[in-house]
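Quick note: numbers below take in every heavy atom, side chains included, and nothing from hydrogens, waters or symmetry partners. Quick note on labels: first sequence line is chain A, next is B, and so on, each numbered from 1.
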There are 2 protein chains.
Amino acid sequence: MLSHSDLDSLSGDIADRLRNRGLRRTRALDLLIEEMALRDKPATIADLSQSPRLSENCDPATVYRLLMKLETHGVVRRLGLHDRSTYFILILPNRHHDYLVCTQCGRISEVDMACPVHTLERKLEKASGFHHIYHELEFFGICPDCHTGREQSGHTHCC
Amino acid sequence: MLSHSDLDSLSGDIADRLRNRGLRRTRALDLLIEEMALRDKPATIADLSQSPRLSENCDPATVYRLLMKLETHGVVRRLGLHDRSTYFILILPNRHHDYLVCTQCGRISEVDMACPVHTLERKLEKASGFHHIYHELEFFGICPDCHTGREQSGHTHCC
DNA sequence: ATACATGCAAACATTTTGCTTTGGC
DNA sequence: GCCAAAGCAAAATGTTTGCATGTAT
């Protein structure tokens, strides 16, 4: 869990990073970072801008534009979870996760494993000539609830 | 490369599989399978329905509805490549690929490697209670063309 | 004071659905 | 003949942009 002061310093860090690149620290930016940090889960533009914190204070278009900038500057990561809309998640140190998505109901859980793909990225950069490679890995399947009426878990341990 | 007779038997196989589930073999279905098999690359609904083969013979809505069915029945796989639209690819035996996508220009190349994730799927099924798990893995980065003006390749060997 | 950022509203692209007609079985 | 599939066209959804105004620096 994230304490209030952690949050402040996180917002500060991100704002600093962005300021160096000519962006300004605005109320909407701080609120968006706060919202994403507290969720710490993939969220759509709608999810975010409809949250109490943001709905009162800024327009969806602003959220959209902020997310685009944050993505460009490597602060958030975009995910395609086979929903009609795009998901975003804040990039936090030591917090990369892969996801397991139910193709039936759309439920998203985190997969808690040492991701076996990281090590390939450097290799792939050399082989392909691409720069700044990162990956996105999702597992899709039918969740217990959709398959029968059994167990339930939001966080799956594996390995 | 796919020969004409390979294609026929592929369409036949798929049509059989579908017929057993109560679906009918139609002209549009055959043409769509043909188009996807010959491309053997991720394609959007627009890509497919604007192809000469399909544009003359069927409506985009039909392509859409077919793709939904084919996905349900495990014949095609859906990919979210961070484009605004959804990509689809035909599932062929021994043909799983992961992709490397340029975040700048959207160019899609295949990553030719022994995918290190396959083996985790069974383990994850046990741990999570999900059924029929499969995965989607993409790498994103800046391609050589977008980064400077160097090399170019549509297929990257690695490992 | 000067941009960059925002709000609001309109434009866009793509997906999704309704309804009638066609065609596979 | 019956029911799934196709065609056409309209609606829904989510993204993106234009422009006037507000605000961080």
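Nucleic acid contact for B:Asn57: sugar-phosphate only, since backbone atoms but no base atoms lie under 4.0 Å from a heavy atom of the residue. No contact: B:Arg27 has no heavy atom under 4.0 Å from any strand. B:Ala28 comes within 4.0 angstrom of the backbone, heavy atoms only, and of no base. Backbone-only contact: B:Thr86 has heavy atoms under 4.0 Å from sugar-phosphate atoms and none from a base. Among the atoms of the strands shown, none is found under 4.0 Å from any heavy atom of B:Ala46.
Comparing atom distances between the A:Asp59 side chain and each of D:dA6, C:dC8, D:dG7 picks out C:dC8 as nearest. Considering only side-chain atoms of B:Met68, the nucleotide from D:dT17, C:dC25, C:dT16 that sits closest is C:dT16. Closest to the side chain of A:Ser85, out of D:dT15, C:dT6, D:dT25, is D:dT15.
When side chains are defined from C-beta on, A:Val75 does not count as touching A:Lys69, because their heavy atoms never get closer than 4.5 Å.
A donor-acceptor contact closer than 3.5 angstrom links the side chains of B:His96 and B:Asp98. For B:Glu125 and B:His131, the side-chain atoms include no donor-acceptor pair closer than 3.5 Å. Judged purely by distance below 3.5 Å, without hydrogens or angles, the side chains of B:His73 and B:Arg21 pair a donor atom with an acceptor atom.
With hydrogens and angles ignored, the 3.5 Å screen pairs no side-chain donor or acceptor of A:Asp8 with any backbone N or O of A:Ser5.
Separating the CG atom of A:Leu81 from the C1' atom of D:dG14 is a distance of 15 Å, rounded to the nearest angstrom. Here the C1' atom of nucleotide C:dT6 and the CG atom of A:Leu23 are 14 Å apart, to the nearest Å. Rounding to whole angstrom units, CG of residue B:Asp83 and C1' of D:dT16 are separated by 14 Å. Between the P atom of C:dA5 and the CZ atom of A:Arg19 lies a distance of 12 Å, rounded to the nearest Å. A straight line from CG of A:Leu31 to C1' of C:dT6 spans 13 Å, rounded to a whole angstrom. Spacing between atom CG of A:Leu54 and atom P of C:dA5 amounts to 17 Å, rounded to whole angstrom units. One atom, CZ of A:Arg25, and another, P of C:dA3, lie 24 Å apart when rounded to the nearest Å. Taking atom NE2 of residue A:His82 and atom P of nucleotide C:dT16, one finds them 13 Å apart after rounding to whole Å.
No hydrogens or angles were tested; on distance alone, a donor-acceptor pair under 3.5 Å links the side chain of A:Arg65 to the base of C:dG7. The base of C:dT14 lies outside donor-acceptor range of the side chain of B:Arg84, with no N or O pair under 3.5 Å. Evaluation of atom-type donor-acceptor distances gives a pair under 3.5 Å for the side chain of A:Arg24 against the base of C:dC4.
Between B:Thr26 and D:dA6 there is a side-chain polar atom (N or O) within less than 4.0 angstrom of OP1 or OP2. OP1 or OP2 of C:dT16 lies within a sub-4.0 Å distance of a side-chain N or O belonging to B:Tyr64. Phosphate proximity of D:dA5 to B:Lys69: present, with a side-chain N or O under 4.0 Å from OP1 or OP2.
Projected onto DNA chain C by closest heavy-atom contact, B:Pro60 and A:Leu66 fall at different nucleotides, the more 5' of which corresponds to A:Leu66. Along DNA chain C, the nucleotide closest to B:Thr44 and the one closest to A:Cys58 are compared, and the more 5′ of them pairs with A:Cys58.
Relative ring orientation between B:Phe140 and B:His82 is described as parallel, the plane-to-plane angle staying below 30° on a 0-90° scale split at 30° and 60°.
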